[in-house]
Amino acid sequence: MKTSVNLPKDLMRRVKRQADHTGCTMDQAMAALLIAGLDLGLTDVSASSAPVSKRLPLIKTRALHLTEAKALTSQEFCELIKDVEQQDEVERQERATGHKHMDRVKR
């Protein structure tokens, strides 16, 4: 089915590059891109053109000095990772239950 759509020049250039990159025709590229957009549920055009707020998770890390890291053997590094993961799991359990782990209670 043929149809005419007025698109911005920069968008058409991007579609052309996509078609060249994938080795397909412009018609095939446009159809694939439209299908992909519809599969994502982009039915409201005004909502899809609005900027999307990105809130990334906060990842806490424990400091390790570079000189300390270079001096570790692979076994020591694996043990360090294991200890850090175990400490994180204890902290998660403490937050979930509201109780301190026995080794961490101040006396």
Quiz item: What distance do Q18 atom CD and Q28 atom CD have between them, rounded to the nearest 0.5 Å?
Solution: 12.5 Å
Quiz prompt | Distance in Å, E94 CD paired with E89 CD, rounded so as to fall on 0.5 Å steps | solution = 10.5 Å
Practice problem: Could you go through the side chain to side chain donor-acceptor pair (under 3.5 Å) check for E79 and Q75 one step at a time? | Solution: CA-CA 6 Å; E79 289 172 4; Q75 180 65 34; 3.2 Å; yes
Practice problem: Measure the shortest side-chain to side-chain distance between M30 and L7 over non-hydrogen atoms and say whether it is less than 4.5 angstrom. | Solution: yes
Exercise. Using the rule that two of Ile, Leu, Val, Met, Phe, Trp, Tyr join whenever any of their side-chain heavy atoms come within less than 4.5 Å, decide whether V15 and L34 are in one cluster.
Key: no
Quiz item: If you round to the nearest 0.5 Å, how far is CD of E85 from CZ of R92?
Solution: 8.5 Å
Quiz item: Do L38 and V5 belong to the same hydrophobic cluster, where Ile, Leu, Val, Met, Phe, Trp and Tyr are linked whenever their side-chain heavy atoms lie under 4.5 Å apart, directly or via other members?
Solution: no
Quiz item: How far does NZ of K2 sit from CG of D27, to the nearest 0.5 angstrom?
Solution: 7.5 Å
Quiz item: Is the closest side-chain heavy-atom distance between Q93 and V90 below 4.5 Å?
Solution: no
Quiz item: Does the salt bridge (charged side-chain N to carboxylate O under 4.0 Å, His left out) test come out yes or no for K16 and D20, once each step is laid out?
Solution: CA-CA 6 Å; K16 174 101 173 90; D20 291 342; 3.4 Å; yes
